[in-house]
Amino acid sequence: MATLKDATAIAGIGQTPFAKQLPASEKELACRAIVAALDDAGIAPSEVDAFASYTMEETDEVEIAKAIGAGDVTHFSKVGYGGGGSCATVAHLAAAIATGQASVGVAWRSRKRGSGPRPWKNTRVQLPTPGQWTRPFGLLRPADEIGMLARRYMHEYGATRDHFFNVALACRNRANQNPAALMYERPLTREMYMTARWISEPLCLFDNCLETDGALACVVVAAEHARDCRHRPVYVHAAAQGLPAQHHGMVNYWNDDPLTGPAWTAARQLWKGADLGPQDVDVAQIYDAFTPLIPLSLEGYGFCGRGEGAAFTEGGALETGGRLPLNTGGGGLSEAYVHGFNLITEGVKQLRGTSTAQVPGAATCLVTAGEGVPTSALLLRS
(Lines give C-alpha, C1' and ligand atoms only; values in the text may rest on other atoms or scores of the structure.)
Protein backbone atom coordinates (compact mmCIF):
# COMPACT_ATOMS: atom_id res chain seq x y z
CA MET A 1 0.00 0.00 0.00
CA ALA A 2 1.32 3.42 -0.92
CA THR A 3 1.87 5.65 2.10
CA LEU A 4 2.94 9.20 2.89
CA LYS A 5 5.63 7.82 5.19
CA ASP A 6 8.40 10.46 5.48
CA ALA A 7 7.87 11.61 1.88
CA THR A 8 7.30 15.20 2.96
CA ALA A 9 8.33 17.48 5.78
CA ILE A 10 7.29 20.68 7.51
CA ALA A 11 10.06 23.11 6.62
CA GLY A 12 8.76 26.36 8.06
CA ILE A 13 6.38 27.66 10.73
CA GLY A 14 5.09 31.13 11.50
CA GLN A 15 2.64 32.88 13.76
CA THR A 16 1.38 36.28 14.81
CA PRO A 17 1.09 37.38 18.41
CA PHE A 18 -1.94 36.03 20.27
CA ALA A 19 -4.34 38.35 22.06
CA LYS A 20 -7.94 38.85 23.08
CA GLN A 21 -8.13 41.60 20.48
CA LEU A 22 -5.80 42.40 17.58
CA PRO A 23 -6.44 45.38 15.27
CA ALA A 24 -5.39 43.67 12.02
CA SER A 25 -7.91 41.89 9.79
CA GLU A 26 -7.96 38.11 9.48
CA LYS A 27 -6.49 38.43 5.98
CA GLU A 28 -3.60 40.57 7.23
CA LEU A 29 -2.96 38.19 10.13
CA ALA A 30 -2.99 35.22 7.74
CA CYS A 31 -0.50 36.87 5.40
CA ARG A 32 1.82 37.78 8.26
CA ALA A 33 1.85 34.19 9.55
CA ILE A 34 2.36 32.72 6.06
CA VAL A 35 5.19 35.10 5.14
CA ALA A 36 6.83 34.36 8.51
CA ALA A 37 6.60 30.60 7.84
CA LEU A 38 8.11 30.99 4.38
CA ASP A 39 10.92 33.12 5.77
CA ASP A 40 11.49 30.49 8.47
CA ALA A 41 11.91 27.91 5.71
CA GLY A 42 13.98 30.19 3.45
CA ILE A 43 11.46 29.84 0.61
CA ALA A 44 10.24 32.74 -1.54
CA PRO A 45 6.46 33.35 -1.73
CA SER A 46 6.69 33.03 -5.53
CA GLU A 47 7.55 29.34 -5.09
CA VAL A 48 4.25 28.53 -3.33
CA ASP A 49 1.97 26.44 -5.56
CA ALA A 50 -0.40 24.81 -3.04
CA PHE A 51 -2.69 25.95 -0.24
CA ALA A 52 -4.80 24.17 2.37
CA SER A 53 -7.04 25.65 5.05
CA TYR A 54 -10.31 25.13 6.89
CA THR A 55 -13.81 25.56 5.46
CA MET A 56 -14.40 27.85 8.44
CA GLU A 57 -11.46 30.04 7.36
CA GLU A 58 -12.76 33.48 6.36
CA THR A 59 -9.77 34.22 4.11
CA ASP A 60 -9.35 32.31 0.84
CA GLU A 61 -6.47 31.09 -1.28
CA VAL A 62 -7.21 33.51 -4.16
CA GLU A 63 -6.75 36.61 -2.02
CA ILE A 64 -3.90 35.13 -0.01
CA ALA A 65 -2.02 34.07 -3.15
CA LYS A 66 -2.27 37.58 -4.58
CA ALA A 67 -1.33 39.27 -1.34
CA ILE A 68 1.83 37.24 -0.68
CA GLY A 69 2.91 37.08 -4.34
CA ALA A 70 2.50 33.34 -4.94
CA GLY A 71 3.11 31.85 -8.37
CA ASP A 72 0.74 29.60 -10.30
CA VAL A 73 -1.20 27.41 -7.85
CA THR A 74 -1.79 23.79 -8.80
CA HIS A 75 -3.44 22.44 -5.64
CA PHE A 76 -5.85 23.93 -3.11
CA SER A 77 -8.19 22.36 -0.60
CA LYS A 78 -10.28 23.15 2.46
CA VAL A 79 -11.15 20.82 5.31
CA GLY A 80 -14.39 20.92 7.27
CA TYR A 81 -15.47 20.50 10.89
CA GLY A 82 -13.64 23.34 12.60
CA GLY A 83 -10.84 22.09 14.82
CA GLY A 84 -11.14 18.62 13.34
CA GLY A 85 -9.50 19.91 10.18
CA SER A 86 -6.20 21.19 11.58
CA CYS A 87 -3.96 18.18 10.92
CA ALA A 88 -5.79 17.35 7.70
CA THR A 89 -4.63 20.61 6.11
CA VAL A 90 -1.04 19.38 6.41
CA ALA A 91 -2.07 15.88 5.29
CA HIS A 92 -3.71 17.23 2.13
CA LEU A 93 -0.57 19.18 1.24
CA ALA A 94 1.62 16.16 1.97
CA ALA A 95 -0.49 14.00 -0.34
CA ALA A 96 -0.39 16.60 -3.11
CA ILE A 97 3.37 17.04 -2.89
CA ALA A 98 4.10 13.31 -2.58
CA THR A 99 2.09 12.66 -5.77
CA GLY A 100 3.66 15.49 -7.77
CA GLN A 101 0.68 17.84 -7.84
CA ALA A 102 2.64 20.61 -6.13
CA SER A 103 6.05 21.38 -4.66
CA VAL A 104 5.59 24.03 -1.93
CA GLY A 105 2.43 24.00 0.14
CA VAL A 106 1.15 26.41 2.77
CA ALA A 107 -1.46 25.58 5.41
CA TRP A 108 -2.82 28.27 7.70
CA ARG A 109 -5.52 29.34 10.14
CA SER A 110 -6.39 32.96 10.88
CA ARG A 111 -9.00 33.79 13.47
CA LYS A 112 -10.48 36.75 15.31
CA ARG A 113 -12.56 34.80 17.77
CA GLY A 114 -11.43 36.73 20.84
CA SER A 115 -12.84 39.97 19.47
CA GLY A 116 -15.40 38.48 17.09
CA PRO A 117 -18.87 36.94 17.43
CA ARG A 118 -19.70 33.40 18.47
CA PRO A 119 -21.19 31.45 15.53
CA TRP A 120 -24.00 29.90 17.58
CA LYS A 121 -25.33 33.34 18.59
CA ASN A 122 -26.87 33.94 15.16
CA THR A 123 -30.34 32.55 15.78
CA ARG A 124 -31.62 33.78 12.41
CA VAL A 125 -29.61 31.15 10.57
CA GLN A 126 -31.54 27.92 10.00
CA LEU A 127 -30.19 25.08 12.11
CA PRO A 128 -28.45 22.27 10.25
CA THR A 129 -30.30 18.97 10.56
CA PRO A 130 -28.12 17.55 13.39
CA GLY A 131 -28.58 20.75 15.38
CA GLN A 132 -32.36 20.35 15.25
CA TRP A 133 -31.97 17.27 17.47
CA THR A 134 -29.83 19.01 20.10
CA ARG A 135 -30.10 22.79 20.31
CA PRO A 136 -33.83 23.05 21.03
CA PHE A 137 -33.14 20.91 24.10
CA GLY A 138 -30.40 23.13 25.54
CA LEU A 139 -27.20 21.94 23.86
CA LEU A 140 -26.55 25.36 22.39
CA ARG A 141 -22.75 25.58 22.47
CA PRO A 142 -19.85 23.15 22.06
CA ALA A 143 -19.33 23.40 25.84
CA ASP A 144 -22.85 22.05 26.40
CA GLU A 145 -22.30 19.13 24.05
CA ILE A 146 -18.94 18.16 25.53
CA GLY A 147 -20.35 18.73 29.01
CA MET A 148 -22.89 16.00 28.34
CA LEU A 149 -20.21 13.58 27.11
CA ALA A 150 -18.07 14.46 30.13
CA ARG A 151 -20.93 13.65 32.52
CA ARG A 152 -21.41 10.27 30.87
CA TYR A 153 -17.68 9.58 31.06
CA MET A 154 -17.67 10.44 34.75
CA HIS A 155 -20.68 8.18 35.36
CA GLU A 156 -19.36 5.17 33.43
CA TYR A 157 -15.67 5.23 34.33
CA GLY A 158 -15.33 7.17 37.56
CA ALA A 159 -13.61 10.20 36.11
CA THR A 160 -13.63 13.19 38.47
CA ARG A 161 -13.06 16.90 38.29
CA ASP A 162 -9.60 16.25 39.72
CA HIS A 163 -8.76 14.36 36.52
CA PHE A 164 -9.92 17.27 34.40
CA PHE A 165 -7.88 19.59 36.62
CA ASN A 166 -4.79 17.49 35.89
CA VAL A 167 -5.26 18.32 32.22
CA ALA A 168 -5.87 22.02 32.80
CA LEU A 169 -2.88 22.26 35.13
CA ALA A 170 -0.45 20.55 32.74
CA CYS A 171 -1.42 22.92 29.93
CA ARG A 172 -1.22 25.97 32.20
CA ASN A 173 2.17 24.94 33.56
CA ARG A 174 3.56 24.73 30.04
CA ALA A 175 2.01 28.08 29.11
CA ASN A 176 3.74 29.59 32.14
CA GLN A 177 7.02 28.73 30.38
CA ASN A 178 5.95 30.19 27.01
CA PRO A 179 6.19 33.97 26.59
CA ALA A 180 3.89 33.83 23.55
CA ALA A 181 1.06 32.22 25.54
CA LEU A 182 -1.92 34.24 26.71
CA MET A 183 -1.58 32.61 30.14
CA TYR A 184 2.21 33.08 30.35
CA GLU A 185 2.34 34.75 33.77
CA ARG A 186 -0.95 33.45 35.16
CA PRO A 187 -0.49 30.28 37.25
CA LEU A 188 -3.42 27.98 38.00
CA THR A 189 -4.09 26.36 41.37
CA ARG A 190 -6.48 23.61 42.39
CA GLU A 191 -8.44 26.07 44.53
CA MET A 192 -8.85 28.44 41.57
CA TYR A 193 -10.07 25.55 39.45
CA MET A 194 -12.49 24.08 41.95
CA THR A 195 -14.10 27.44 42.79
CA ALA A 196 -14.31 28.75 39.22
CA ARG A 197 -17.71 29.54 37.72
CA TRP A 198 -19.53 26.93 35.70
CA ILE A 199 -19.66 27.27 31.93
CA SER A 200 -21.69 24.11 31.34
CA GLU A 201 -21.64 21.79 34.33
CA PRO A 202 -19.50 19.72 34.89
CA LEU A 203 -17.22 22.04 32.87
CA CYS A 204 -15.95 25.12 34.69
CA LEU A 205 -14.13 28.14 33.27
CA PHE A 206 -10.76 26.38 33.22
CA ASP A 207 -12.10 23.35 31.37
CA ASN A 208 -12.73 25.57 28.35
CA CYS A 209 -10.28 26.80 25.73
CA LEU A 210 -9.39 30.43 25.26
CA GLU A 211 -11.00 32.74 22.70
CA THR A 212 -8.17 34.21 20.69
CA ASP A 213 -7.22 36.54 17.86
CA GLY A 214 -4.20 35.33 15.89
CA ALA A 215 -2.91 33.32 12.96
CA LEU A 216 -0.46 30.49 12.32
CA ALA A 217 0.95 28.80 9.23
CA CYS A 218 3.33 26.08 8.14
CA VAL A 219 5.16 25.20 4.93
CA VAL A 220 5.20 21.63 3.58
CA VAL A 221 7.70 20.44 0.96
CA ALA A 222 9.17 17.16 -0.28
CA ALA A 223 11.60 15.53 2.15
CA GLU A 224 14.63 16.09 -0.09
CA HIS A 225 13.69 19.76 -0.52
CA ALA A 226 13.35 20.19 3.24
CA ARG A 227 16.95 19.09 3.77
CA ASP A 228 18.07 22.25 1.93
CA CYS A 229 15.92 24.59 4.00
CA ARG A 230 16.95 26.61 7.05
CA HIS A 231 15.96 24.19 9.80
CA ARG A 232 16.11 20.50 10.54
CA PRO A 233 13.23 18.84 8.64
CA VAL A 234 10.26 17.59 10.61
CA TYR A 235 8.94 14.66 8.60
CA VAL A 236 5.27 13.82 8.17
CA HIS A 237 5.62 10.15 9.03
CA ALA A 238 1.88 9.35 8.95
CA ALA A 239 -1.43 11.18 8.65
CA ALA A 240 -5.07 10.22 8.94
CA GLN A 241 -8.62 11.51 9.07
CA GLY A 242 -11.50 9.90 10.95
CA LEU A 243 -15.28 9.97 10.57
CA PRO A 244 -16.92 7.05 12.41
CA ALA A 245 -20.06 5.31 11.22
CA GLN A 246 -23.33 6.96 12.26
CA HIS A 247 -21.49 9.97 13.66
CA HIS A 248 -23.54 12.89 14.99
CA GLY A 249 -21.64 16.08 15.74
CA MET A 250 -20.01 16.26 19.14
CA VAL A 251 -22.62 14.23 20.95
CA ASN A 252 -22.29 10.95 18.99
CA TYR A 253 -25.99 10.29 19.53
CA TRP A 254 -26.30 7.49 17.00
CA ASN A 255 -23.05 5.64 17.72
CA ASP A 256 -23.23 2.36 19.59
CA ASP A 257 -20.93 3.99 22.16
CA PRO A 258 -20.94 7.81 22.31
CA LEU A 259 -17.60 7.77 24.13
CA THR A 260 -15.87 6.03 21.21
CA GLY A 261 -15.43 9.12 19.08
CA PRO A 262 -13.64 10.00 15.84
CA ALA A 263 -10.21 9.59 17.49
CA TRP A 264 -10.65 5.83 17.40
CA THR A 265 -11.29 5.83 13.64
CA ALA A 266 -8.42 8.22 12.89
CA ALA A 267 -6.04 6.29 15.15
CA ARG A 268 -6.59 2.97 13.40
CA GLN A 269 -5.70 4.59 10.07
CA LEU A 270 -2.77 6.54 11.51
CA TRP A 271 -1.00 3.60 13.13
CA LYS A 272 -1.68 1.40 10.09
CA GLY A 273 0.39 3.78 7.98
CA ALA A 274 3.24 4.16 10.48
CA ASP A 275 6.34 2.24 11.49
CA LEU A 276 5.72 3.46 15.04
CA GLY A 277 3.06 2.97 17.69
CA PRO A 278 1.76 4.84 20.74
CA GLN A 279 4.63 3.43 22.81
CA ASP A 280 7.11 5.24 20.54
CA VAL A 281 5.63 8.74 20.98
CA ASP A 282 7.95 11.04 22.96
CA VAL A 283 5.62 14.03 23.23
CA ALA A 284 2.01 14.73 22.23
CA GLN A 285 0.01 17.77 21.21
CA ILE A 286 -3.57 16.62 21.80
CA TYR A 287 -6.51 18.82 20.90
CA ASP A 288 -7.77 20.46 24.06
CA ALA A 289 -10.75 22.68 23.35
CA PHE A 290 -12.14 21.11 26.55
CA THR A 291 -10.30 19.13 29.23
CA PRO A 292 -12.38 15.91 28.90
CA LEU A 293 -11.22 15.56 25.29
CA ILE A 294 -7.75 14.66 26.54
CA PRO A 295 -8.64 11.40 28.39
CA LEU A 296 -10.99 10.44 25.56
CA SER A 297 -8.18 11.00 23.03
CA LEU A 298 -5.61 9.16 25.16
CA GLU A 299 -7.86 6.13 24.91
CA GLY A 300 -8.67 6.58 21.24
CA TYR A 301 -5.03 6.84 20.17
CA GLY A 302 -4.02 3.82 22.24
CA PHE A 303 -2.02 5.30 25.10
CA CYS A 304 -4.22 3.44 27.57
CA GLY A 305 -7.20 1.11 27.63
CA ARG A 306 -10.89 1.87 27.37
CA GLY A 307 -12.03 3.89 30.36
CA GLU A 308 -8.46 4.40 31.62
CA GLY A 309 -7.87 7.90 30.21
CA ALA A 310 -8.81 9.74 33.40
CA ALA A 311 -6.50 7.62 35.56
CA PHE A 312 -3.73 8.09 33.01
CA THR A 313 -3.60 11.81 33.94
CA GLU A 314 -2.65 11.06 37.56
CA GLY A 315 0.80 11.41 39.11
CA GLY A 316 2.03 14.16 36.79
CA ALA A 317 1.80 11.91 33.73
CA LEU A 318 1.09 14.84 31.41
CA GLU A 319 3.82 17.09 32.79
CA THR A 320 7.37 17.42 31.51
CA GLY A 321 9.13 14.26 32.66
CA GLY A 322 5.85 12.35 32.89
CA ARG A 323 4.59 9.34 30.94
CA LEU A 324 3.41 11.55 28.06
CA PRO A 325 4.38 15.25 28.12
CA LEU A 326 1.42 17.08 26.66
CA ASN A 327 0.65 20.35 24.89
CA THR A 328 4.01 21.81 25.66
CA GLY A 329 3.21 25.31 24.42
CA GLY A 330 0.10 25.51 26.59
CA GLY A 331 -2.41 24.22 24.03
CA GLY A 332 -5.83 25.66 23.37
CA LEU A 333 -6.51 25.85 27.08
CA SER A 334 -3.63 28.15 27.97
CA GLU A 335 -1.57 29.27 24.95
CA ALA A 336 -4.19 30.25 22.37
CA TYR A 337 -7.19 28.70 20.69
CA VAL A 338 -6.79 28.96 16.93
CA HIS A 339 -8.62 25.76 16.04
CA GLY A 340 -5.63 23.64 17.02
CA PHE A 341 -3.06 24.95 14.57
CA ASN A 342 -0.72 25.96 17.40
CA LEU A 343 -0.50 22.26 18.30
CA ILE A 344 1.06 21.61 14.87
CA THR A 345 3.62 24.38 15.17
CA GLU A 346 4.47 23.33 18.74
CA GLY A 347 5.04 19.79 17.52
CA VAL A 348 7.53 21.15 14.99
CA LYS A 349 9.30 23.17 17.71
CA GLN A 350 9.65 20.07 19.89
CA LEU A 351 11.27 18.07 17.11
CA ARG A 352 13.56 20.98 16.22
CA GLY A 353 14.53 21.23 19.89
CA THR A 354 13.33 24.83 20.21
CA SER A 355 10.25 24.54 22.42
CA THR A 356 9.98 26.68 25.53
CA ALA A 357 9.20 23.44 27.40
CA GLN A 358 11.54 21.15 25.50
CA VAL A 359 11.27 17.40 26.08
CA PRO A 360 14.88 16.14 26.07
CA GLY A 361 15.65 14.01 23.03
CA ALA A 362 12.13 14.24 21.57
CA ALA A 363 12.15 12.53 18.16
CA THR A 364 8.45 11.69 17.66
CA CYS A 365 5.34 13.77 18.23
CA LEU A 366 1.67 12.96 17.84
CA VAL A 367 -0.54 15.91 16.91
CA THR A 368 -4.31 15.51 16.94
CA ALA A 369 -7.24 17.60 15.77
CA GLY A 370 -10.63 18.07 17.42
CA GLU A 371 -12.13 15.05 19.12
CA GLY A 372 -15.92 14.88 19.02
CA VAL A 373 -16.06 16.08 15.41
CA PRO A 374 -14.73 14.42 12.25
CA THR A 375 -11.02 14.64 12.99
CA SER A 376 -7.46 14.21 11.77
CA ALA A 377 -4.01 13.46 13.14
CA LEU A 378 -0.33 13.66 12.27
CA LEU A 379 2.60 11.62 13.44
CA LEU A 380 5.72 13.74 13.09
CA ARG A 381 9.33 12.65 13.48
CA SER A 382 12.73 14.31 13.31
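Please read all numbers here as calculations on a predicted model, not as lab measurements.
Using a 30° and 60° split on the angle between ring planes, Y153 and Y157 fall in the tilted class, from 30° to 60°.
Considering only residues two or more places apart in sequence or on other chains, F312 meets the ring-ring contact (aromatic ring centres under 6.0 Å, His included) condition with none of them. Residues satisfying the side-chain contact (heavy atoms from CB on, under 4.5 Å) test with E201, not counting sequence neighbours, are R151, W198. For the salt bridge (charged side-chain N to carboxylate O under 4.0 Å, His left out) test, residues two or more places apart in sequence or in another chain that qualify with R174 are E319. By the side-chain contact (heavy atoms from CB on, under 4.5 Å) test, R186 is found to be paired with R172, M183, residues two or more places apart in sequence or in another chain being considered. Under the rule for a salt bridge (charged side-chain N to carboxylate O under 4.0 Å, His left out), the partners of D6 that lie at least two apart in sequence or sit in another chain are R381. In this structure F18 satisfies the ring-ring contact (aromatic ring centres under 6.0 Å, His included) test with no other residue, sequence neighbours excluded. With sequence neighbours excluded, the residues that form a side chain to side chain donor-acceptor pair (under 3.5 Å) with W254 are H248. Listed by chain and number, the residues in a salt bridge (charged side-chain N to carboxylate O under 4.0 Å, His left out) with E57 are R109 (sequence neighbours excluded). Under the rule for a ring-ring contact (aromatic ring centres under 6.0 Å, His included), Y301 has no partner lying at least two apart in sequence or in another chain. Applying the ring-ring contact (aromatic ring centres under 6.0 Å, His included) criterion to F303, with sequence neighbours excluded, gives no partner residue.
Using modelled atom types and a 3.5 Å distance limit, the side chains of N255 and Q246 yield no donor-acceptor pair. Side-chain atoms of W108 and T89 include no donor-acceptor pair closer than 3.5 Å. Side-chain polar atoms of T328 and Q285 form a donor-acceptor pair below 3.5 angstrom. For E346 and N327, the side-chain atoms include no donor-acceptor pair closer than 3.5 Å.
Q15 CD to L29 CG: the interatomic distance, rounded to the nearest 0.5 Å, is 12.0 Å.
Other residues, nucleotides and ligands contribute at most 12 non-hydrogen atoms within 6.0 Å of the CD atom of E191.
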Starting from the C-alpha separation in whole Å, work towards a yes-or-no answer on ring-ring contact (aromatic ring centres under 6.0 Å, His included) for Y337 and H339.
CA-CA 6 Å; Y337 184 66; H339 264 153; 5.6 Å; yes
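Between D275 and K5, at least one side-chain nitrogen of the basic residue sits less than 4.0 Å from a carboxylate oxygen of the acidic one, meeting the salt-bridge criterion.
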Identify every side-chain donor-acceptor pair in residues 358-368 under 3.5 Å, counting partners at least two apart or on other chains, and give the distances.
{"unit_1": "Q358", "atom_1": "OE1", "unit_2": "T354", "atom_2": "N", "d": "3.2"}
{"unit_1": "Q358", "atom_1": "OE1", "unit_2": "S355", "atom_2": "N", "d": "3.0"}
{"unit_1": "Q358", "atom_1": "NE2", "unit_2": "Q350", "atom_2": "O", "d": "2.8"}
{"unit_1": "Q358", "atom_1": "NE2", "unit_2": "Q350", "atom_2": "OE1", "d": "3.1"}
{"unit_1": "T364", "atom_1": "OG1", "unit_2": "D280", "atom_2": "O", "d": "2.5"}
{"unit_1": "T364", "atom_1": "OG1", "unit_2": "D282", "atom_2": "N", "d": "3.0"}
{"unit_1": "T364", "atom_1": "OG1", "unit_2": "D282", "atom_2": "OD2", "d": "3.3"}
{"unit_1": "T368", "atom_1": "OG1", "unit_2": "Y287", "atom_2": "N", "d": "3.0"}

Could you list the donor-acceptor pairs under 3.5 angstrom formed by side chains in residues 73-85, with sequence neighbours left out?
{"unit_1": "T74", "atom_1": "OG1", "unit_2": "D49", "atom_2": "O", "d": "3.4"}
{"unit_1": "T74", "atom_1": "OG1", "unit_2": "Q101", "atom_2": "O", "d": "2.6"}
{"unit_1": "S77", "atom_1": "OG", "unit_2": "H92", "atom_2": "ND1", "d": "3.2"}

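Side-chain contact between T212 and R111: absent, with no pair of heavy atoms (C-beta onward) separated by less than 4.5 Å. Inter-residue side-chain proximity for T265 and L243 is flagged as unmet; no heavy-atom pair is nearer than 4.5 Å.
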